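I have placed the structure first, in the form of structure tokens, so that the comments after it can refer back to it.
By convention in this document, chain letters (A, B, ...) are assigned in the order of the sequence lines, proteins followed by strands, and residues within each chain are numbered from 1. Here the structure is a predicted model, which is why all the values come from computation and not from measurement.
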Protein chains: 2
Amino acid sequence: MDQSLLIFVTVAKMKNFSRAAEALHMTQPAVSLQIRSLENKFGVRLLERTHRTVRLTQAGEMLLAQAQDILDRYEELAAMMDDLQQGEVGHLAIGASYTFGEYVLPRILAKFCKAYPRVSTAISIENTRQVAEGILRREHDVGIVEGELDHPELETFPLFEDELMVIVPAGHPLACGFEADPDELAAQRWIVREPGSGTREAADRMFAATGLCPSAVMELGSTQIIKESVEAGLGVSLLSTRAVAKEVRLGILAMLRLRGHRIRRTFSAVLHRYRYHIRAVDHFMAVLREESGTLQGCGPPW
Amino acid sequence: MDQSLLIFVTVAKMKNFSRAAEALHMTQPAVSLQIRSLENKFGVRLLERTHRTVRLTQAGEMLLAQAQDILDRYEELAAMMDDLQQGEVGHLAIGASYTFGEYVLPRILAKFCKAYPRVSTAISIENTRQVAEGILRREHDVGIVEGELDHPELETFPLFEDELMVIVPAGHPLACGFEADPDELAAQRWIVREPGSGTREAADRMFAATGLCPSAVMELGSTQIIKESVEAGLGVSLLSTRAVAKEVRLGILAMLRLRGHRIRRTFSAVLHRYRYHIRAVDHFMAVLREESGTLQGCGPPW
DNA sequence: CTTATCATATAAGCTAATCATATGAAACAG
DNA sequence: CTGTTTCATATGATTAGCTTATATGATAAG
């Protein structure tokens, strides 16, 4: 901050060097020197020191207006930086995987936005791989993905577990039970997500683990489309229980475990390991962790 | 000026500490220190120093915008002060006596305004006494009065001489000659200005000097009204030759010398002796003096 | 006319901020 | 592995800015 302007403005307001000095917690000669150095710098008289009062010259009047303005902007700047330092303000670019972004994030985000209304947010819903790339490219401040990422520049923070189950339409022959045998499932038409998706990866792992080799596979790029398609009887799928909670409650879809298997994965927050992040990121992470606790036990309704 | 902001902005633009230092004619460590002190002051990282390039953090972006703005305002301020220092800009409150203000000042002012278009002016037309008071009260920067003022806080600069002559209407018996005898004038109805006016003072001095004691005297508060009144045959008056030049050329009024007398007075510029005055005042005084030379010889047309 | 009082200016010495020089450390490129 | 680039750190020097002490100047009071 430019001290001399503040000193000048104070003197101009108080019309008295000594009292201005007092207000500024300095001595009167220091004020005199500062004023004079300003006058010398601009080559203009700023104050007319007549006996017992100080009067502004025309130059002084002009300087006062401008100096006030500049000092106000310093105030503003300091407030801005302080807010930012406290994480009360800023912009958070969040990259989230489909399942988390569409079915979990909204409620977490609502909490965060309520607590930090002056932090603006931008959500990108992408698959796991894209989120990781976005963070490495510094397009996102935080990411949330399924599973852990193994990259030296990325740091992952496991949040909570998610279970995936086989989804079938309400009237389906398998819909009556809680579990299904692999060979029962092999005969189904399968619907899966695109490669790069965490949900797809989970499906692939399940197929590999059980030796399942479904005859018919359809690939769709969004969880919502898959749900609608399963409802419409186009096939069965493996989805996060969180993604189909509503449909199950409504009796539109049913979910089954694969006998002898529990297909689980962990949602993790991801940060760039070396990049400086603003304080608001810490606050967001705190809200994430806090909400993870309440979501921990969320599983199938039985 | 706040050096650290300038340094930050330079680094932010160049994205390189060393080159910024070069541009600012300082060494690289000095730049590093300044940036760090800014970061400490705000408690926020401003620049991410990755190898071979410098990237702005969010705080840095915000600071950059605000700092740019503040620096621009400093520029503006410096330019303003410089203009003022050079007398190119400012405001000039001019107090002028009636005769000078109405009949001489306009052309001088035109010259001045052409030379210094960014200096604004305010003209107060008052009588000599009021001009002096206005300057003492610091309401005027410059005054122009008739005669010299004797006040310790006022400094007068004689400009040029002015002659006053007796004004009669065109058809008047005295209008045929160039001179008039005091006793011829004593019989006339006289019109004079109000007390406090330099023109009135000149008339009073003439009456005293010649022993003239006019029987009928009318007092009017403006030269223009007096001219119109003389034209209308209401009486005769004593006015500056400059105030009636047009009317004489048109043959509407005639002017006469009082035999054996030349009634002269000097127009003077007046400044407050102790008050600081802006540079534009000097320029105005220069124009005044310059124009005074060309006006010096202006007298009656014979 | 002298003295007291108030307000700013000046002088001298000290402190602390700021700078430059020299050097170190990290990250690449060849 | 070595040279180069670039920022960080350490240290001594410079200087700007502050304080204390005192002067000056203008008015008010005795």
Indicate yes or no: at least one non-hydrogen side-chain atom of A/L38 is less than 4.5 angstrom from one of A/I7. no
side-chain hydrogen bond (donor to acceptor under 3.5 Å, both in side chains) partners of residues 27-44 of chain B, not counting sequence neighbours, each pair once: B/Q28-B/S32, B/E39-B/R49
Short side-chain N/O contact from A/R36 to OP1 or OP2 of C/dT8, under 4.0 Å: no
State whether B/S32 places a side-chain N or O below 4.0 Å from either non-bridging phosphate oxygen (OP1 or OP2) of D/dA8. yes
Under 6.0 Å from the NZ atom of A/K13, do we count more than 12 heavy atoms belonging to anything else shown? no
A/L46 atom CG is separated from C/dT8 atom P, nearest whole Å, by 15 Å
Contacts of B/D204 meeting salt bridge (charged side-chain N to carboxylate O under 4.0 Å, His left out) (sequence neighbours excluded), chain-then-number -> B/R200
Any salt bridge (charged side-chain N to carboxylate O under 4.0 Å, His left out) pairs touching residues 274-289 of chain A, not counting sequence neighbours? A/D141-A/R275, A/R275-B/E48, A/R279-A/D282
Does atom CZ (A/R19) have a neighbourhood of more than 12 heavy atoms from anything else shown, all under 6.0 Å? no
Whole-Å distance, B/E48 CD to D/dA8 C1', equals 17 Å
For A/D2 and D/dA16, what is the distance between atoms CG and P respectively, to the nearest whole Å? 15 Å
Take atom CD1 of A/I35 and atom P of D/dC18, then tell me their distance rounded to the nearest Å. 11 Å
Identify each atom pair where a protein N or O and an N or O of nucleotides 13-20 of chain C are less than 3.5 Å apart, giving names and distance.
from   : atom 1 : to    : atom 2 : distance (Å)
C/dC19 : OP2    : B/Q34 : NE2    : 2.9
C/dA20 : OP2    : B/T27 : N      : 2.9
C/dA20 : OP2    : B/T27 : OG1    : 2.7

Quick one: pull up CG in A/L5 and CG in A/L64 and give me the separation to the nearest 0.5 Å. 10.5 Å
Please tabulate the protein-to-nucleotide N/O contacts below 3.5 Å involving nucleotides 24-30 of chain C, giving atom names and distances.
from   : atom 1 : to    : atom 2 : distance (Å)
C/dA27 : O4'    : B/H51 : ND1    : 3.3
C/dA27 : N3     : B/H51 : NE2    : 3.3

Provide, to the nearest angstrom, the distance between the CZ atom belonging to A/F17 and the C1' atom belonging to D/dG25. 15 Å
For D/dT5, take OP1 and OP2 only and decide whether either is under 4.0 Å from a side-chain N or O of B/N16. no
Parallel, tilted or perpendicular, as decided by the 30° and 60° cut-offs, for the rings of B/H272 and B/Y274: perpendicular
Measure CZ/B/R49 against C1'/D/dT5 and give the value in whole Å, please. 17 Å
B/Q58: what forms a side-chain hydrogen bond (donor to acceptor under 3.5 Å, both in side chains) with it, not counting sequence neighbours? none
note: B/L47, atom CG; D/dA8, atom C1'; distance rounded to Å ~ 14 Å
Does a side-chain N or O of A/S18 approach OP1 or OP2 of C/dT8 to a distance below 4.0 Å, or not? yes
Whole angstroms only, please: what is the CD-C1' distance between A/E39 and C/dT8? 12 Å
